[in-house]
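Accompanying notes for the structure given below.
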There are 2 protein chains.
Amino acid sequence: MLNEPMSSLSQNCSDCPIRHRAVCARCDGDELSQLEEMKYYRTFEPGRTIVWSGDRMDFVASVVSGIATLSQTMEDGRTQMVGLMLPSDFIGRPGRTTSAYNVVATTDVVMCCFRKKPFEAMIERTPHIAHRLLEMTLDELDAAREWMLVLGRKTAREKIASLLSIIARRDASLQLRGTQGPLVFDLPLTREAMADYLGLTLETVSRQMSALKRDGVIELQGKRHVTVPDFNRLMEEAGDDADGGLLV
Amino acid sequence: MLNEPMSSLSQNCSDCPIRHRAVCARCDGDELSQLEEMKYYRTFEPGRTIVWSGDRMDFVASVVSGIATLSQTMEDGRTQMVGLMLPSDFIGRPGRTTSAYNVVATTDVVMCCFRKKPFEAMIERTPHIAHRLLEMTLDELDAAREWMLVLGRKTAREKIASLLSIIARRDASLQLRGTQGPLVFDLPLTREAMADYLGLTLETVSRQMSALKRDGVIELQGKRHVTVPDFNRLMEEAGDDADGGLLV
DNA sequence: CGGGCCTTTGAGATACGTCAAATTGGGTGG
DNA sequence: CCACCCAATTTGACGTATCTCAAAGGCCCG
């Protein structure tokens with residue numbers, strides 16, 4: 001079960017797939033070569049834990065490819081996913097030595113890691129990085145707050161529709177497709193992972209997926225392959241304004 | 001119904017009550033005087049809306065005193081509070097022209113506002129501000145994620161206990177008391193506001209408050225004045241590790 | 001072809017929401 | 001100073017969305 005061989009990973013920042021979106025997006029050539037000195041790649045298989053909550057973390061990292069989740073767990077095992085980390089997202093917190101969350105790979109994941117100390121020092125002297133990191137953190141804060149509305153006030157059906165529309169939207173924007181015409185994508189999450197993200201049980205997730213399928217909001221080929229014939233319909237089911245642009 | 005008269009507001013940053021915690025915390029004298037040129041104070045009465053979601057915002061601001069809430073509302077009126085803004089917290093987002101949330105004063109509120117354009121320009125050239133803002137944003141992101149666990153996975157009783165322990169903890173740290181001995185504080189929120197924060201109805205909030213009182217976890221003097229005889233007991237009811245330090 | 005997940009579906013239990021009415025208590029005006 | 005008023009809160013009865021427990025498929029991979 002090999003994922004992309006290391007040889008295909010750009011050792012060279014200039015042709016990195018997340019070059020223009022990651023924390024290094026605004027760096028110039030000189031700054032990039034400083035980063036190249038402190039960076040190294042790591043890969044993880046699906047299901048593998050990248051960091052445990054409470055563990056010492058002496059690196060920060062960008063997701064280069066694949067999907068990872070951030071989650072919190074209570075003593076009795078209840079767990080809540082608090083973040084979905086996609087390519088270009090940043091993992092780890094400058095100025096903190098331990099992880100506050102479990103970080104788990106849900107697909108094959110490639111990460112571009114930076115040793116923490118040198119990276120922190122570089123933040124101090126490199127406004128390009130500090131500003132990009134601030135911007136990314138503000139975006140994540142907005143996303144977390146949007147998710148609070150989903151968790152606190154939406155019904156199970158709306159929660160499922162919300163999750164599907166987020167994944168569909170992201171997929172469409174990666175593939176540069178418009179919102180017209182059917183959207184097709186693969187669910188990167190198991191029913192249980194969806195439940196942990198939505199604050200539901202996996203049975204409720206399954207039932208609501210079946211209901212959305214029965215009502216023609218989505219079509220399923222197998223368990224993971226999803227077709228959305230009408231994106232606006234999905235948005236309505238999510239309880240969102242249908243005019244919320246696709247290109248966010 | 002006058003709140004603190006303007007005359008009592010420090011026009012002078014150097015004796016501002018939030019000087020050491022706000023976005024300006026790390027500024028030196030020169031930077032402070034630049035800020036003083038673009039700042040002005042505004043006050044709001046309880047219940048007054050400071051900004052509406054979607055409104056143009058041409059300032060950013062620090063809460064100097066009082067409490068404000070951030071909330072999102074769905075078309076049918078369901079609302080979810082996504083942030084509790086306390087003294088020193090920062091409102092507004094550099095690089096965005098409209099507010100994503102409703103901002104409402106729940107008590108008398110004094111805000112130190114900065115005109116947006118000059119402030120954004122200053123961030124660009126002042127690492128002290130950019131770094132402090134990054135740090136504060138990361139803290140807010142952690143708080144939002146902790147709240148996602150509360151919203152997604154906790155029972156009504158645990159939710160109430162979680163909210164009370166957060167307020168009690170903050171109050172204790174302001175008054176520099178330890179966690180030993182009874183904690184006493186005033187609830188700055190109505191039952192409805194608590195419900196909007198917790199993703200519950202106000203009736204459920206009221207019932208669970210009564211239950212916690214009946215079980216001796218809290219005592220109530222009037223509707224808003226709360227005594228917590230044993231903080232660890234409250235933490236247990238919240239479903240948190242009781243060893244979570246008070247001094248976070 | 002068989003074993004082990006992941007998923008679906010069912011039946012019954014329950015926590016929380018909804019609707020409605022009673023009670024409290026803090027502020028106000030007489 | 002007291003009675004009154006009104007918003008906030010409490011309490012009750014009932015409905016229901018979601019959870020829990022249980023069993024029966026599918027599907028991938030060896």
Side-chain angles (χ1 to χ4, degrees), chain A residues 1-2 45-48 74 76-80 106-107 150-164 186-215 218-226 237 239, chain B residues 1-2 45-47 74 76-80 106-108 150-164 186-215 218-226 237 239:
Chain A
M1 185 178 284
L2 271 180
E45 295 170 15
R48 190 72 70 202
M74 293 172 67
D76 60 8
R78 281 177 282 178
T79 95
Q80 176 65 50
T106 68
T107 64
V150 173
L151 290 173
R153 290 303 186 192
K154 291 194 176 181
T155 65
R157 171 184 265 242
E158 290 170 333
K159 285 180 174 182
I160 300 285
S162 297
L163 179 57
L164 292 177
D186 282 308
L187 270 178
L189 303 171
T190 65
R191 297 289 184 264
E192 186 179 18
M194 292 173 69
D196 285 343
Y197 204 51
L198 296 166
L200 297 170
T201 59
L202 65 91
E203 294 94 332
T204 298
V205 170
S206 179
R207 275 187 253 273
Q208 296 296 339
M209 288 289 287
S210 300
L212 289 175
K213 175 176 161 190
R214 169 166 28 79
D215 298 342
I218 59 174
E219 290 156 22
L220 292 175
Q221 291 83 38
K223 291 153 197 291
R224 299 292 194 86
H225 201 69
V226 181
E237 293 287 354
Chain B
M1 187 178 279
L2 275 179
E45 295 170 15
M74 295 171 66
D76 60 8
R78 282 177 280 177
T79 96
Q80 175 66 51
T106 67
T107 64
D108 281 304
V150 172
L151 291 173
R153 291 302 187 193
K154 291 195 177 178
T155 65
R157 170 183 265 242
E158 289 169 335
K159 285 179 175 181
I160 301 285
S162 297
L163 178 57
L164 293 177
D186 282 308
L187 270 178
L189 303 171
T190 65
R191 298 287 184 266
E192 187 180 16
M194 292 173 69
D196 284 343
Y197 204 51
L198 296 166
L200 298 170
T201 59
L202 64 90
E203 293 94 332
T204 298
V205 170
S206 180
R207 274 186 251 273
Q208 296 298 337
M209 287 289 287
S210 300
L212 289 174
K213 176 177 161 189
R214 170 166 28 79
D215 298 344
I218 59 175
E219 290 156 21
L220 292 176
Q221 290 82 39
K223 292 157 196 290
R224 298 290 195 86
H225 201 70
V226 181
E237 293 287 354

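Note: hydrogens, waters and symmetry copies are ignored here, and every other heavy atom, side chains too, is used. All chains are named by letter (A, B, ...) in the order of the sequence lines, taking the proteins before the strands, and each is independently numbered beginning at 1.
For C/dC6, the OP1/OP2 oxygens have no side-chain nitrogen or oxygen of A/Arg224 closer than 4.0 Å. Look at B/Ser206 and you won't find any side-chain N or O under 4.0 angstrom from OP1 or OP2 of D/dA8.
Rounded to whole Å, the distance from CE on B/Met209 to P on C/dC16 is 16 Å. Remark: C1' of C/dT14 and CD of B/Gln208 are 13 Å apart, rounded to the nearest angstrom. One can place NE2 of A/His225 at 17 Å from C1' of D/dC27, the figure rounded to the nearest angstrom. Atom pair B/Arg191:CZ and D/dA7:C1' shows a separation of 13 Å (rounding to whole Å applied). The nearest whole Å value for the distance from the CD atom in B/Glu192 to the P atom in D/dT10 is 13 Å. Rounded to an integer number of Å, the gap from B/Leu220 CG to C/dT23 P is 20 Å. At whole-Å resolution of the value, CG in B/Leu212 and C1' in D/dT10 are 15 Å apart. Going from atom NZ of B/Lys213 over to atom P of D/dT9 covers 13 Å, rounded to whole Å.
Partner A/Met194 forms a side chain to side chain contact (heavy atoms under 4.5 Å, CB included) with one of A/Thr204, A/Leu187, A/Leu202 and no other, that one being A/Leu187. Checking each of B/Thr201, B/Thr79, B/Thr190 against B/Asp196 for a side chain to side chain donor-acceptor pair (under 3.5 Å) leaves exactly one that passes, namely B/Thr79.
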For the pair A/Leu200 and A/Lys159, evaluate side-chain contact (heavy atoms from CB on, under 4.5 Å) and give the outcome as yes or no after the intermediate values.
CA-CA 9 Å; A/Leu200 297 170; A/Lys159 285 180 174 182; 4.0 Å; yes
After noting the C-alpha distance and the side-chain angles of B/Asp186 and B/Val226, does the key distance pass the side-chain contact (heavy atoms from CB on, under 4.5 Å) rule?
CA-CA 6 Å; B/Asp186 282 308; B/Val226 181; over 6 Å; no
Does the pair B/Glu219 and B/Lys213 meet the rule for a salt bridge (Lys or Arg N to Asp or Glu O under 4.0 Å), with working shown?
CA-CA 6 Å; B/Glu219 290 156 21; B/Lys213 176 177 161 189; over 6 Å; no
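Distance check: B/Lys223 NZ to B/Met209 CE gives 11.0 Å after rounding to the nearest 0.5 Å.
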Between the protein and nucleotides 19-22 of chain D, which nitrogen or oxygen pairs are less than 3.5 angstrom apart?
{"residue": "D/dC19", "atom": "OP2", "partner": "A/Thr201", "partner atom": "N", "Å": "3.4"}
{"residue": "D/dC19", "atom": "OP2", "partner": "A/Thr201", "partner atom": "OG1", "Å": "3.3"}
{"residue": "D/dC19", "atom": "OP2", "partner": "A/Thr204", "partner atom": "OG1", "Å": "2.5"}
{"residue": "D/dT20", "atom": "O4", "partner": "A/Arg207", "partner atom": "NH2", "Å": "2.9"}
{"residue": "D/dC21", "atom": "N4", "partner": "A/Glu203", "partner atom": "OE2", "Å": "3.1"}

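Between A/Asp76 and B/Arg153 there is no salt bridge, since no side-chain nitrogen of the basic residue lies less than 4.0 Å from a carboxylate oxygen of the acidic one.
Taking all atoms of both residues into account, the shortest heavy-atom contact from B/Glu237 to B/Glu158 is O-CG, 3.3 Å. Taking both residues in full, the closest heavy atoms of B/Asp108 and B/Pro46 are given as OD1-CD, 3.4 Å, listed atom of the first, atom of the second, then distance.
The bend of the helix from C/dC1-D/dG30 to C/dG30-D/dC1, defined by the angle between the axes of its first five and last five pairs, stands at 40° to the nearest 10°.
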